[in-house]
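In listed order, ligands and their atoms are each counted from 1.
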Amino acid sequence: MNALLDLAAQQLRADLATAPGRVRQRLSDEGRAARCRTIAELRAAAKRSVPRPIFDYADGAAWDEVTARRNISAFEDVTLHPKALTDVSEIDLRTSVLGGEIALPIIAAPTGLTGLQHPEGEMAIARAAHAAGTITTLSTMASCTIEEVAAASDGRRWFQLYVMSDRGLVDSLLARAAEHGYEALMLTVDVQVAGVRERDVRNGFSVPPRISLKTLAQGVTHPRWSAGFVAHPRMVPANLGWEGSATATLASAVNRSFDPTVTWDDLADLRSRWKGPVIVKGVMRADDALRCVEHGADAIVVSNHGGRQLDGAAAAIEALPAIADAVSGRAEVYLDSGIRRGTDIVKALALGARAVLIGRALMYGLGAAGEAGARRAFSILEAELRVALALAGYPRAAEIGRDAVS
Ligand SMILES: Cc1cc2nc3c(=O)[nH]c(=O)nc-3n(C[C@H](O)[C@H](O)[C@H](O)COP(=O)(O)O)c2cc1C
Ligand SMILES: CCCCC(=O)C(=O)O
């Protein structure tokens, strides 16, 4: 009995001695990130951590959000057919994109106004992507500058372009991206005009944020987020000269500055001017994919912008097989929109994608726990992908094919 009590007392003393360290760890970004075991848990943590309008900007989608939900449910409609008795002692996630190897077939999607989730914004995403051995894509609407992200982390970087009516601005963005080592240009073609995200409308989401009693109350109830925001307010896109501009809804700012006349001629023009690879993002039809190939695109991203643009559009995973068939190896095909699980990635690879891009998974991670949270998003998906490939009987991610799914 006495021996037992001694043991308990000893353990209690040891626990108390390490308690401050453990409390610090629990409260640290690393601790918060580590407690999230799934992308869904990162989402729940982000929802608690950042003001509601900022969570809604990332989480929300267009109109009834039907396509956003369908992006996820359509993965459930794809069935895996596991192959028996293959040696899965070594799982190889490597693949090559645009002539270079990446450690896993997951790339950071371009996201605008990322600095609202966390002041390190796209710098944190870049560090997390590079730590995972993959590529980061910087948005035209990024909160951090082209130069800041280039300086923040060594690794492969792509630059995503929205064609603005001010073509001088486009020229200067391209020149800065090329000068700072962004190897590929990703032209996004599904924001002809701003999609209507009703959560943003309801929340009065605007750039720069409008300060009201309601937003102040949000700030008070999210003190960790507020401390970051006050120290490094990243209120507007950093590369467009919008500093000091009057508050406007995101949709009206986009509709004022993006060029709705963009056509295939502009793709041809960009193709001839950009020296590196060109990727077209937001392709949902086989005929468009073929036209991209004819225009010299090196890669396309099958994407409906995470359901944030045309509600009612098909899920990206539904559009993928016909596009992969039409392209038939003449350009690389990637997919985004709805990736939340390792099995989603297995399904996308099986249906013809060489890699996937992730948008919200990283936004949730960043909102929940900054760079540690973004790293966590990569590590959760990587771990799930490893187990899913082993159980599917395909030890090499690059070799999974159509026979694995129906
Ligand atoms: C908060 C947020 C901002 C985005 N900003 C951009 C952008 O500036 N440029 C772009 O091409 N796509 C943008 N997207 C779309 C993503 O690149 C990607 O297509 C989408 O997030 C994929 O769906 P997922 O979030 O389900 O992974 C954004 C997405 C989110 C969630
Ligand atoms: C409306 C375009 C702004 C940035 C973006 O692409 C997004 O929020 O999805």
ask   = Any side-chain heavy atom of Val293 sitting closer than 4.5 Å to one from Val327?
value = yes
remark   = Exactly one of Val356, Leu362, Ile106 clears side-chain contact (heavy atoms from CB on, under 4.5 Å) with Leu381, and that residue is Ile106
Output block, N or O contacts of ligand 2, threshold 3.5 Å exclusive:
unit_1: ligand 2; atom_1: 6 (O); unit_2: Tyr162; atom_2: OH; d: 2.5
unit_1: ligand 2; atom_1: 6 (O); unit_2: His305; atom_2: NE2; d: 2.9
unit_1: ligand 2; atom_1: 8 (O); unit_2: Tyr57; atom_2: OH; d: 2.7
unit_1: ligand 2; atom_1: 8 (O); unit_2: Arg197; atom_2: NH1; d: 2.9
unit_1: ligand 2; atom_1: 8 (O); unit_2: Arg308; atom_2: NH2; d: 2.9
unit_1: ligand 2; atom_1: 9 (O); unit_2: Arg197; atom_2: NH2; d: 2.9
unit_1: ligand 2; atom_1: 9 (O); unit_2: His305; atom_2: NE2; d: 2.8
unit_1: ligand 2; atom_1: 9 (O); unit_2: Arg308; atom_2: NE; d: 2.8

Considering only distance and modelled atom types, tabulate donor-acceptor pairs under 3.5 Å from the side chains of residues 46-63, sequence neighbours left out.
unit_1: Ser49; atom_1: OG; unit_2: Ala45; atom_2: O; d: 2.6
unit_1: Arg52; atom_1: NE; unit_2: Asp56; atom_2: OD1; d: 3.4
unit_1: Asp56; atom_1: OD1; unit_2: Arg199; atom_2: NH1; d: 2.9
unit_1: Asp56; atom_1: OD2; unit_2: Asn203; atom_2: ND2; d: 2.9
unit_1: Asp59; atom_1: OD1; unit_2: Arg43; atom_2: NE; d: 2.9
unit_1: Asp59; atom_1: OD1; unit_2: Tyr364; atom_2: OH; d: 2.6
unit_1: Asp59; atom_1: OD2; unit_2: Arg43; atom_2: NH2; d: 2.9
unit_1: Asp59; atom_1: OD2; unit_2: Arg199; atom_2: NH1; d: 3.0
unit_1: Asp59; atom_1: OD2; unit_2: Arg199; atom_2: NH2; d: 3.1

Shortest reach to atom 28 (C) of ligand 1 by a heavy atom, considering only Pro110, Ala109, Gly306 = Pro110
ask   = Hey, which atoms in ligand 1 end up nearer than 4.0 Å to a heavy atom of Lys281?
value = 10 (C), 11 (O), 12 (N), 15 (C), 16 (C), 17 (O), 18 (C), 19 (O)
query = Would you call Asp311-Arg70 a salt bridge at under 4.0 Å N-O?
reply = no
query = Does ligand 1 have any atom that is closer than 4.0 Å to a heavy atom of Ala361?
reply = no
query = Do Thr188 and Gln160 have side-chain N/O donor and acceptor atoms under 3.5 Å apart?
reply = yes
query = Between Gln309 (side chain) and Asp190 (backbone), is there a donor-acceptor pair under 3.5 Å?
reply = yes
ask   = Between Asp200 and Phe205, is there a donor-acceptor pair closer than 3.5 Å when you use the side chain of the first and the backbone of the second?
value = no
key: For atom 2 (C) of ligand 1, the protein heavy atom that lies nearest, with its residue and separation   = Arg308 NH2, 3.4 Å
message = Polar contacts were defined as any N/O atom of the residue lying under 3.5 Å from an N/O atom of the ligand; does this apply to Tyr162 and ligand 1?
response = yes
Cationic N near anionic O, under 4.0 Å, Asp288 to Arg291 = no
request  = Look only at interatomic distance and state if Ser139 has a nitrogen or oxygen under 3.5 Å from any nitrogen or oxygen of ligand 1.
outcome  = yes
request  = Determine whether the side chains of His130 and Thr136 contain a donor N or O and an acceptor N or O closer than 3.5 Å.
outcome  = no
ask   = Short list, please: which atoms of ligand 1 are under 4.0 Å from a heavy atom of Ser303?
value = 19 (O)
inquiry  = I need the atoms of ligand 1 closer than 4.0 Å to a non-hydrogen atom of Thr188, numbered in the order shown.
reply    = 10 (C), 11 (O)
query = Do any N or O atoms from the side chain of Arg94 and from the backbone of Ala103 form a donor-acceptor pair under 3.5 angstrom?
reply = no
ask   = Which protein heavy atom lies closest to atom 5 (N) of ligand 1, and at what distance to 0.1 Å?
value = Gly112 N, 2.8 Å
inquiry  = Please confirm whether Arg340 approaches ligand 1 to less than 4.0 Å, judged on its heavy atoms.
reply    = yes
task = Examine Met141 against ligand 1 and note whether any of their N/O atoms are separated by less than 3.5 Å.
result = no
ask   = Quick one: do the Arg176 and Asn239 side chains pair a donor with an acceptor below 3.5 Å?
value = yes
message = Taking 4.0 angstrom as the limit and counting only heavy atoms of Gly338, give me the atoms of ligand 1 inside it, by number and element.
response = 23 (O), 24 (P), 26 (O)
ask   = Side-chain contact, heavy-atom cut-off 4.5 Å: Leu173 with Phe159?
value = yes
request  = For Thr111, take its heavy atoms, then give the atoms of ligand 1 lying under 4.0 Å from any of them.
outcome  = 2 (C), 3 (C), 4 (C), 5 (N), 6 (C), 8 (O), 28 (C), 29 (C), 30 (C)
key: salt_bridge(Arg167, Asp266) N-O dist < 4.0 Å   = yes
inquiry  = Can you tell me which portion of Arg360 lies within the under-4.0 Å heavy-atom range of ligand 1? Options are side chain, backbone, both, or neither.
reply    = both
inquiry  = Among all protein heavy atoms in this structure, tell me which lies nearest to atom 23 (O) of ligand 1, with the distance rounded to 0.1 Å.
reply    = Ser337 CA, 3.2 Å
ask   = N/O to N/O below 3.5 Å, does that happen between Gly359 and ligand 1?
value = yes
request  = Inspect the contact between Arg35 and Glu41 and indicate whether a charged nitrogen and a carboxylate oxygen are less than 4.0 angstrom apart.
outcome  = no
remark   = protein heavy-atom neighbour closest to atom 19 (O) of ligand 1 works out as Asp336 OD2, 2.8 Å
ask   = Salt-bridged, Arg69 to Glu65, with N to O below 4.0 Å?
value = no
query = Which atoms of ligand 1 are found less than 4.0 Å from any heavy atom of Ala58?
reply = 1 (C), 31 (C)
